[in-house]
Structures are given as C-alpha cells and as structure tokens.
Protein chains: 2
Amino acid sequence: MAIPSSESSRQDNTLAVIRALRSQGPMARVDLGASNDISSATVTAITTELLGQALVSELPPGMHRDNGRGRPKTLIQLNPDAVFVVCVKLSINEVQIVVGDFVGQVRHSELHSLATLALTQEELCAFLVDKIEALSSQLRDTYSRFAGICLAVQGIVSPHNGTIIWSPALRFRNAPISSRLAAVFGCPVLLENDANCIARSLASQPEYAAYPHMVVIMLGYGIGMSVLIDGQPFIGANGSAAELGHSKYEPGGALCSCGRRGCIEAYVGDYALYREARTMLSLPAGDSAHPSEEQMQALTQLAMRGDPVARQIFGKAGRALGYGIANVMALFNPDLVLITGAGVRGYPAMRSEVEQAIDDALVEELIGLTRVATCPWDRDMTCLGGIAMTLHATDPATLSAPSSLLRLQD
Amino acid sequence: MAIPSSESSRQDNTLAVIRALRSQGPMARVDLGASNDISSATVTAITTELLGQALVSELPPGMHRDNGRGRPKTLIQLNPDAVFVVCVKLSINEVQIVVGDFVGQVRHSELHSLATLALTQEELCAFLVDKIEALSSQLRDTYSRFAGICLAVQGIVSPHNGTIIWSPALRFRNAPISSRLAAVFGCPVLLENDANCIARSLASQPEYAAYPHMVVIMLGYGIGMSVLIDGQPFIGANGSAAELGHSKYEPGGALCSCGRRGCIEAYVGDYALYREARTMLSLPAGDSAHPSEEQMQALTQLAMRGDPVARQIFGKAGRALGYGIANVMALFNPDLVLITGAGVRGYPAMRSEVEQAIDDALVEELIGLTRVATCPWDRDMTCLGGIAMTLHATDPATLSAPSSLLRLQD
DNA sequence: GACTTTATTTTAGCGCCTAAAGTAAAACGA
DNA sequence: TCGTTTTACTTTAGGCGCTAAAATAAAGTC
C-alpha cells in the first residue's frame, strides 16, 4: 500500500506540485511556489526532475494571455498520458471499468453485466484480472505507466487490510481482493466505499471548496452516506462508519432490508417508498421489492403532480430523512449536507417535511450554520472520484522507478 | 494560538521526545530514539538542548535497575517544575481552578462558588484574571514558566476564534474569553469542551491505548459525549459535534431541557429519571427539576434493590440510551464506547436494556468489533485532561524564549 | 586485566531548503 | 531604437537537521 507518508520534504513538495497542477490546471513556477509555500528555486528543481520523467511538460508560449510587463510566465502542465489508473465500480450484477489519465479525466469506460451474487471470490478475481489485463495491454501504447487500481464497492470495506468485509453485491465475505490484484499487477490497489468516491468527486468541485466538513447523502434503493472531515472520508475503526441508512428513525418501526426495524432506509429507500405505494396506487408492474428506474419515475411523477397518497408517502419519508439529518447535524456538525443519488428526483416532494423535521428536532444552536442542499445525480461520479483518489494517493517516487511500468508477463 | 504545526523537523522531534517522556516516564536516549524513529545522535542533540533549558534532567544513576551488561542507560526525565499550566473548569455556579506541572500532575486545586449565570462577560473575565494572577504570583517561586491556560467549559465552544458560543453556565453568548485571557497573560489559551477534556484524560490511560477511535459518553444532569478520532477530539465545523444528548430517540417523544421532544437526554438525564420517578415513588424532597446527588443516589438505590417502578424507569432510559449508542455505532463505528459520568452509578440498572436495544437496532456487521464498557467517575478528570491538552499543545520553542516567563507587570 | 556488550557522543557527509545574486524575456518610454 | 523597468526563472552559496559510522564511555564477564 504505497500511500505516500510525509517522508522526505522533497517528496511532499513534489506531490504538492502535482496535486496543484491537477486541481488548478497549468501554472507557472512562481505560482506553484506561492500556492504551496515553496521557494521558486525549489520549484525549479522539482519541475526539472518532473520534466525529465516526462510527467509534466511546458506549455508553448503564446497559448495563454499574459498581459502585463516582465518576462512572461512559462506554464507547466501535467502530461495526461504519463500515467493511467483504473477504477472498477462493483455493483449488484454490474461491473463498470473506467480508465483515467494523469489529470483525472475519464478516457475509457466499459460496462459489464455479471451475476455478481453468484460468483466465488476466485471467479470475481479472475474476471477483474482478465478485464484489466485486456485494457492495459491495449493502453500500453498510449500511456507510459500504470499507477494504480481503485475498487469502488458498495458495502463495508476495511481500509487496513484491504478486504471487502461485506457487500450487498457479493455472496462471500472478508475477501482480500485488493492484495490479490496488487500482486498480479504490481501496483497499489485502493479499496473504497462507493459513497466515499462520490463524495470525493463532489468535494473536488470548486463550488464546494468552502465546505471542508461535508456530508453527502445518496438516496436510492438504499441510503448511502459519506462524511468528509477536512475533505477526507471518515471511515471509522473498521470501515463501517457513516451508515445513515441503518441509523434509527423510530424504535420498532418499519421493517428494513437489513432485517431490523425503524431504520431510515426503511422509510426513504426506493423499495420502502414503493412498498407503501403499491398497495394504494396503480403503478407499473414489476418486482415491487426492487423497483426499476421506470417504476420509481412513475411514483415520483405522481407525487410531483400532487397526488395526495403519493405526497403523503414522500412526506413521511421526508420526515424520517429529516430526523436522520438532524442526528447527523447533532453528531457531526457539518458545514454542508448535500443530498444526491438517483433518489434526489423525489426530493422536491419531501423537502418541506425534511426541513420541518430538522426544525422540530433541533434547537438553532445545533443546526448552527449547517446548510442542506441537493445536487443532480450522475452515475459516473463514482468512478471519477475513484480515479481522483487513486491519483491523489499516487507517489511520484514510485512513478519514476521502472518497476511501475507494465509487467503483466510474470 | 501557538499550536505547534509540523514546521521544522527538529521542532517535531523535540516535541515527540517531550511527549514520550511525559506519557512513558523517564527514558534513556536510545529508547527515546527507538520509540520515535530518531537516530540516537539526534536524540543527543535534542536532549542537550533541553538540558540547557532546564526542561529535563538526567536521573542520577543507581536509581533504577539496569540488569544486563554494557554501559548503563542514563535516564532522562522531565523537570516537573520547569513549566506550569492552569486549567479552569467552568460549570454552573462553580469554577474550579487547577495548576498542573510539566509532567501533567495536579499540584494545586481550588474551588470557587460563583453565580455564573448572573455574570457579565466582563465580570467573568475579571474574576478569572484575578484568580489566575493571584495563583501565578504565588507559583512564581516554584516554577520557571507559565505555559498556558485551558478553559474547560460545558457547552459549545468554537475552536477557530476561541469563543464560547453557548454554555449552560453563562447568560451571554459568543464570548471571546480566550483571546482576552491570552492578551492579559501573554500565553496560549486553549478553549475546550469539558467532555473532550475528560475523554482525552481517559484516552491517555494505558488501558485504552488500543482504542484510537473512542467514544466517551458522560451521564449526568444532561448527556455529554466526546468522540476521539485517532485520539483527537472531533469537534465538527463549529464545535457543536458529538451532541448525543440531543440526538433523537423518538420523534415527538419526551420533553427535553432544550425545548424539543424526543432527545436522548429527555429519557436518560438525571432530571428525566427523577421527573418520572417523583410522581410514583417516595423520594427525598428537593428541587426535582435539578435533583441533587443525594436525590439521585436514593433513586438509584431503589432501582438497584429491585423496586419494580424504579427498575422500569431505568429500563426505559436504558432503551433510549441503547438506541442512541446504536446510532453512534452506525455513524462513527468506534472501537470502544465508554460510559462514565456521575450517572454511571445507575448504569447497572439499565445495562441489559442498553444491550438489548443495541441488538434490536443493528445487525451484527454494524456492531462489528465495537465494545461497550463503563468507567468509574472522577470529578477531577476534566482538569487533568485540560492540563494534558495544554501541555500537549505547548511548543517547546516558545518555552525557551524569555517572553514566556511570567510578566504580569504590564 | 583483557574482552564483550551496550550507551552516548563526535564526526563527516548528505539532502533539501532558502536568500540572494545572476540571467532571460518581455513591455515601456523617450 | 535602445536603455529602463518589471517580472520570471536559474544558479550559487550557505544553513539546518538528519544519519551512519567511528570514537569514547561505562559497565559486566571470564
């Protein structure tokens, strides 16, 4: 697990330069120095090194407006093709594999249908090795180095030993997948919860830069959450923190998919909404325990158009969600609670109840300056976040070593 | 606020040496090197510097058993009298002022009765300045340097600008007390929530060293909590995180002291227990909205002896507390939940209900390896923790400067 | 008393940083 | 047009703080 610690000062500074270039785009040496508190002499040293490794290049002059006197700035940019990383998103019956370049852009994406719940650990491993190997032999021409893999999975994931402790997509438990991939490909493998990937992707957007303590709630079949503390996902002792979906709304309340009662998810999850609705409303046919996007759209439309029964269902969900958010506010005191996920489509129909519930639950002091906002849903955010996290964790020192070049032969 | 950041490497290492000596007692240079990953050459350099500043001294040989061959170790110890810090604990109608030495031991303690709720900000400040000034002129002979003040207060405290945002002990709000004291005494002033002080004090005990993610719940008139993430108190965006007492048990439930309904505190706080009990049991007279220690003892005794009504009251409280702990587990996934506070006296009467409620609320995966334990209550832990935090934050560089010497004359 | 073992100090040298001096490349202005 | 000014980048000289290794110190062992 080559996550760069603060070993040498030079390492830190090199990393800081690369990250600044990634998040802020091409920059001149002076500005790199200023924004990272490094003398420009040091920046020169670092950039010469990076130019030598072809990790960055100088932007040809004249490309950018440089109004003002004095010697014009020479902008440095990351070389997109210097490095590639792979992010694998593992969901129920679906595996998405995405390739990202050194600047964090998605360069390739493929979707595989796969009966994940029927797989053994070996079969999953073999599948992933196969697909990633195929990709990398293809990409070998374009990119110089293969810097890492991110496995974004639903469920509980242990950060320490890189095992999938539990996932709704898999039959088996405590799978040391990440070390097995690391052994095959000889590169670091990040194992991440999918919600944390999404949150990291959102947090890197400039509009959320002012919120270091951000909570992202993902509405969907279940309820996911990621808590960013100073921009870092909070995972707890064993990776099972931030389980908002199974925190409680009412003791002994509605039955949850986990088998317990009164979980927030049992009121707000897609299946919970549909469960309430199907008995009272005429809705598209289908597996009502696992409503499809179309089914949910239909239900949402009803509520949006003012159907009283549908409105009441969403209102009740909103109340449960609001109480859940109130607990999150009381316990985490975030700057911002951001609501997203496929289920945001129905949020307008719950909004007033959510807000009312928060006000009912908490005194002003505990709501404090916390804002609640929504954000449109985009399926690709998971992999974007996974790519960002993998690149963020990439140690420039290992990139220079030839050992990180592709070596799938062994 | 001179909290030492990781400026120079030497600073970091010096701090590490001092902290090791404080937490592990006298040590030889080799061992200081080994336990902090520093070469023993560097340790020599650091200790010579510290010896010069009289912050440490060499233990005379022969004091310690040194069975084995080779040159005997020379143990280095902190000089207790090199530094003193003051911790002020501000509670309703009571101010405790404690002096701690360089090793973290309490060397003096005084208790003042004071109608805190009647004070203006100026009066409180004047009171504190007066008492601390008196103390320090007294202590000037014994100690060399006055390194800092810790203000441990109940309520919400902002870490950023050092203001008391809200405290049940005070009438006024948003008080920039800490900067005012800092200006008068010319030393750093830490403003801390009292629960965090207690938690830090507990966490420093060796028996809890294996639990980096620890949650400490304090039962009493209200319900306090501190969440330690990697040993550091988690305070959230504005210092109001970890408010377990006002997280919800039942929407629309029992009336809480905060004015809202269904808060955990409204079931588990002393006042809530007594409120239930007084109508049904014969208990000592007194202000039943603010039960005294004697009143609570009497109630607890009844429950312990098996009185069915009292048992039921504690059982209901245990259920509420259990659900609260379940939410904490789902959201923070701690290694350990430690229950303490004056109210632990009644915990045995709730224990089985707490455990049952946690099992009812969460599936195994979310309970994970988290343990729940209790810990005897000691009033002095707050100040001990405050002293530890102040010392921990003390920058050795500022200690060497003469500016940190007492200078109350100006 | 020579030898072994362990602790501490001294020495030599390395890596990385910075300030300051030097160089480069523009715009400005007479 | 050409010096002047301004800003960017590079080179140089020197310092800080670390480490490995050598030197020294202070025991026990045989």
Side-chain angles (χ1 to χ4, degrees), chain A residues 4-18 20-21 26-52 56-77 395-397 400, chain B residues 4-18 20-21 26-52 56-77 395-397 400:
Chain A
S5 53
S6 66
E7 288 160 26
S8 88
S9 179
R10 171 54 65 90
Q11 193 115 328
D12 285 353
N13 287 335
T14 307
L15 202 55
V17 164
I18 290 175
L21 290 174
M27 285 174 86
R29 286 172 241 258
V30 232
D31 301 323
L32 281 170
S35 78
N36 292 296
D37 263 316
I38 312 174
S39 77
S40 77
T42 304
V43 176
T44 294
I46 289 171
T47 50
T48 353
E49 172 81 19
L50 292 176
L51 282 165
V56 304
S57 58
E58 288 187 348
L59 218 59
M63 300 287 292
H64 49 282
R65 274 279 44 78
D66 193 25
N67 41 5
R69 315 177 30 159
R71 176 175 175 174
K73 296 170 195 258
T74 325
L75 299 195
I76 308 279
Q77 67 182 340
D395 181 347
S400 59
Chain B
S5 54
S6 65
E7 288 159 28
S8 88
S9 179
R10 171 53 66 92
Q11 194 114 327
D12 285 353
N13 287 335
T14 307
L15 202 53
V17 164
I18 291 176
L21 291 174
M27 287 173 84
R29 291 174 175 80
V30 234
D31 301 322
L32 281 170
S35 77
N36 292 296
D37 262 316
I38 312 173
S39 75
S40 78
T42 304
V43 176
T44 295
I46 290 171
T47 50
T48 351
E49 172 80 20
L50 291 176
L51 283 164
V56 305
S57 57
E58 289 186 347
L59 219 60
M63 298 287 292
H64 49 283
R65 275 279 44 78
D66 192 26
N67 41 3
R69 313 173 38 156
R71 177 175 172 173
K73 297 172 195 259
T74 324
L75 300 194
I76 308 279
Q77 67 181 342
D395 180 346
S400 58

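Predicted model only: the values in this text are computed from it and were never measured. Numbers restart at 1 for each chain; the letters A, B, ... are given by sequence-line order, proteins then strands.
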Between B/Ser9 and D/dC18, is there a side-chain N or O to OP1/OP2 distance below 4.0 Å?
yes
Shortest non-hydrogen separation from B/Leu51 to B/Ser57 and the atoms involved
CD2-CA, 3.6 Å
Heavy-atom side-chain proximity of B/Leu32 to B/Ile38 below 4.5 angstrom
no
Between P on D/dC16 and CD1 on B/Ile46, what's the gap in Å once rounded to a whole number?
16 Å
Protein and nucleotides 4-8 of chain C: nitrogen or oxygen contacts under 3.5 angstrom:
from, atom 1, to, atom 2, distance (Å)
C/dT4, O2, B/Arg69, NH2, 3.1
C/dT5, O2, B/Gly70, N, 3.3
C/dT6, O2, B/Arg71, N, 2.8
C/dA7, OP1, B/Lys73, NZ, 3.0
C/dA7, O4', B/Arg71, O, 3.3
C/dA7, N3, B/Arg71, NH1, 3.3
C/dT8, OP1, B/Thr74, N, 2.9
C/dT8, OP1, B/Thr74, O, 3.2
C/dT8, OP2, B/Arg29, N, 3.4
C/dT8, OP2, B/Val30, N, 2.9

OP1, OP2 of C/dC16 versus side-chain N and O of A/Asn13: anything below 4.0 Å?
no
Closest-nucleotide mapping onto DNA chain C: is A/Gly68 or A/Ala45 further toward the 5' terminus? I mean the 5' end.
A/Ala45
When rounded to the nearest 0.5 angstrom, what distance separates CZ in A/Arg29 from OG1 in A/Thr74?
5.5 Å
Look at the side-chain N and O atoms of A/Thr42 and state whether any lies under 4.0 Å from the OP1 or OP2 oxygen of C/dC16.
no
Would you list the pairs meeting salt bridge (charged side-chain N to carboxylate O under 4.0 Å, His left out) in which at least one residue belongs to residues 67-76 of chain A, sequence neighbours left out?
A/Asp31-A/Lys73
Given 3.5 Å as the limit, does a donor-acceptor pair link the side chain of B/Thr47 with the main chain of B/Val43, or not?
yes
Starting from P on D/dC16, measure out to CG on B/Asp12 and report it in whole angstrom.
17 Å
B/Leu15 CG to D/dG17 C1': how many Å, rounded?
16 Å
Is any side-chain N or O of B/Arg10 closer than 4.0 Å to OP1 or OP2 of D/dC16?
no
Determine yes or no for a side-chain-to-main-chain donor-acceptor pair under 3.5 angstrom, with A/Asp395 supplying the side chain and A/Ala397 the backbone.
yes
Here the distance between atom P of D/dC18 and atom CD of B/Glu49, to the nearest Å, is 12 Å
